[in-house]
Protein chains: 2
Amino acid sequence: MKNCECPGAEKLHGRFRGCGYRMTAGREAVIKVLQETQEHLSADEIFSKARVINPDIGLTTIYRTLEKLSMMGEVHKLDSGDKRGRFELANSGKGHHHHLVCSRCNRIIDYDDFIDDEVRLLKEMEKKLSKKYNFAISGHLIQFYGVCDKCK
Amino acid sequence: MKNCECPGAEKLHGRFRGCGYRMTAGREAVIKVLQETQEHLSADEIFSKARVINPDIGLTTIYRTLEKLSMMGEVHKLDSGDKRGRFELANSGKGHHHHLVCSRCNRIIDYDDFIDDEVRLLKEMEKKLSKKYNFAISGHLIQFYGVCDKCK
DNA sequence: CTCGGTGCAAAGAGTTTGCAATCCG
DNA sequence: CGGATTGCAAACTCTTTGCACCGAG
């Protein structure tokens, strides 16, 4: 798989084309599902929802599409502690945010409160760490674990 | 499994006993392996190393011991991005630290540089977030992703 | 003696792969 | 038309479970 860098294209459809990929019914369905949800869906959950749009789609296509979107930087794969991956669109309406993960029900809550201080510190850390460890930092993961209101 | 809180016991051996568990050759081997390594081993890697100490040990015991130690708060389970879990002793010589994760080779590097500022901010965040989201925060995960020096 | 602990084999769960058929452009 | 994409089933990987035997205390 090519590690595609095709910036600026407004629509995912265009980005696929620009990367030499094709837009298909299956991919459209996956993207639609991701755009319409507020939650962090697993591959399987995306599968169920995508089936409603396109009954012929297979789980394999979900995985392959997610992998492509992930490579393109359009979706982020999250780790919620249970064994399956969860996915969120990178460029949904949401801005930069981090996660609260419930250890009991594995629910993931986004937060973007108070995030400016966080981001400022992170940028500094990135600079210092990449210098000290000669490490090319491309991203970060910040999560707080605990028990959510519903589970308490 | 009991969610054991038996503070203050100096040795893991004692902590096991204090929790109503038994100390066995298998558990000793797992603990020894964890104490002697500087890396973040997977269950399988721990298995190989433990086999050297105790050739009769099975992979199952590794998993079950790690689960107990994890419940007791003696080991932390890490997520490196590849699908298997990695483990580190909570009370090794290392103090509080966070991780740099190489996306290429999945190596995890500990850092504890500049960590005071980080921890200070985290504590603040925890306070604010737990209030706003009514979320009982028990821990956090901070990781930077990128490409390590060896992989560049 | 009592129960917790063990190894083994088998089961699970999530994800990936091989392949022939199909579809996009 | 040519190569990318797909669904299906099978393969894989890591982890968990059932069970009969073993052993710590």
query = Under a 4.0 Å N-O cut-off, is there an ion pair linking Lys131(A) with Asp113(B)?
reply =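 The answer is no: the pair does not qualify as a salt bridge.
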key: Asp110(B) and Lys94(B) ion-paired at < 4.0 Å   =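 Looking at Lys94(B) together with Asp110(B), the answer is yes, because their closest N to O distance falls below 4.0 Å.
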Considering only side-chain heavy atoms of [X], which listed nucleotide, [options], is closest?
X        : options                   : result
Arg27(B) : dG5(C), dT5(D), dT17(C)   : dG5(C)
Arg84(B) : dG25(D), dT15(D), dC23(C) : dT15(D)
Tyr21(B) : dG3(D), dT15(C), dG5(C)   : dG5(C)
Arg22(B) : dG18(C), dG25(D), dT5(D)  : dG25(D)
Thr60(B) : dT17(C), dA9(C), dG3(D)   : dA9(C)

task = Identify whether any heavy atom of Asp44(A) sits under 4.0 Å from a base atom; if not, whether one sits that close to sugar-phosphate; answer base, sugar-phosphate or nothing.
result =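 Result for Asp44(A) = nothing.
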ask   = Taking OP1 and OP2 of dA4(D), is either one under 4.0 Å from a side-chain nitrogen or oxygen of Lys68(A)?
value =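 So the side chain of Lys68(A) is outside the cut-off, no N or O lying under 4.0 Å from OP1 or OP2 of dA4(D).
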inquiry  = Check this one for me: any side-chain N or O of Tyr63(B) less than 4.0 Å away from OP1 or OP2 of dT15(D)?
reply    =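 So the side chain of Tyr63(B) is within the cut-off, an N or O lying under 4.0 Å from OP1 or OP2 of dT15(D).
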query = Are Tyr111(B) and Ile108(B) co-members of a hydrophobic cluster defined by side-chain heavy atoms under 4.5 Å apart?
reply =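 The answer is no; the residues belong to distinct hydrophobic clusters.
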ask   = Do Ile46(A) and Leu78(A) sit in the same hydrophobic cluster, where Ile, Leu, Val, Met, Phe, Trp and Tyr count as joined when their side-chain heavy atoms come under 4.5 Å apart?
value =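 Different hydrophobic clusters.
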Expressed as a whole number of angstroms, how long is the span from [X]:[atom1] to [N]:[atom2]?
X         : N       : atom1 : atom2 : result
Asn106(A) : dA13(C) : CG    : P     : 15 Å
Ile57(B)  : dG23(D) : CD1   : C1'   : 15 Å
Leu59(A)  : dC8(D)  : CG    : P     : 10 Å
Asp82(B)  : dT16(C) : CG    : C1'   : 15 Å
Glu67(B)  : dT15(D) : CD    : P     : 12 Å
Arg64(B)  : dG18(D) : CZ    : P     : 11 Å
Glu28(B)  : dT6(C)  : CD    : P     : 11 Å
Asp56(A)  : dT5(D)  : CG    : C1'   : 14 Å

task = Take Ile62(B) and Lys83(B), find for each the nucleotide of DNA chain C with the closest heavy atom, and name the residue whose nucleotide sits nearer the 5' end.
result =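 Final value for this comparison: Ile62(B).
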ask   = So which one's nearest nucleotide on DNA chain C is more toward 5', Arg17(A) or Thr24(B)?
value =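 First, find each residue's nearest nucleotide; the 5'-ward one identifies Thr24(B).
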request  = Go through Gln143(A) and His99(A) one step at a time and tell me if the side-chain hydrogen bond (donor to acceptor under 3.5 Å, both in side chains) criterion holds.
outcome  = CA-CA 5 Å; Gln143(A) 295 184 169; His99(A) 300 290; 5.2 Å; no
message = Pick the closest DNA chain D nucleotide for Gly85(B) and for His13(B) by heavy atoms, then say which residue is nearer the 5' end.
response =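 Comparing both residues, the 5'-ward one is Gly85(B).
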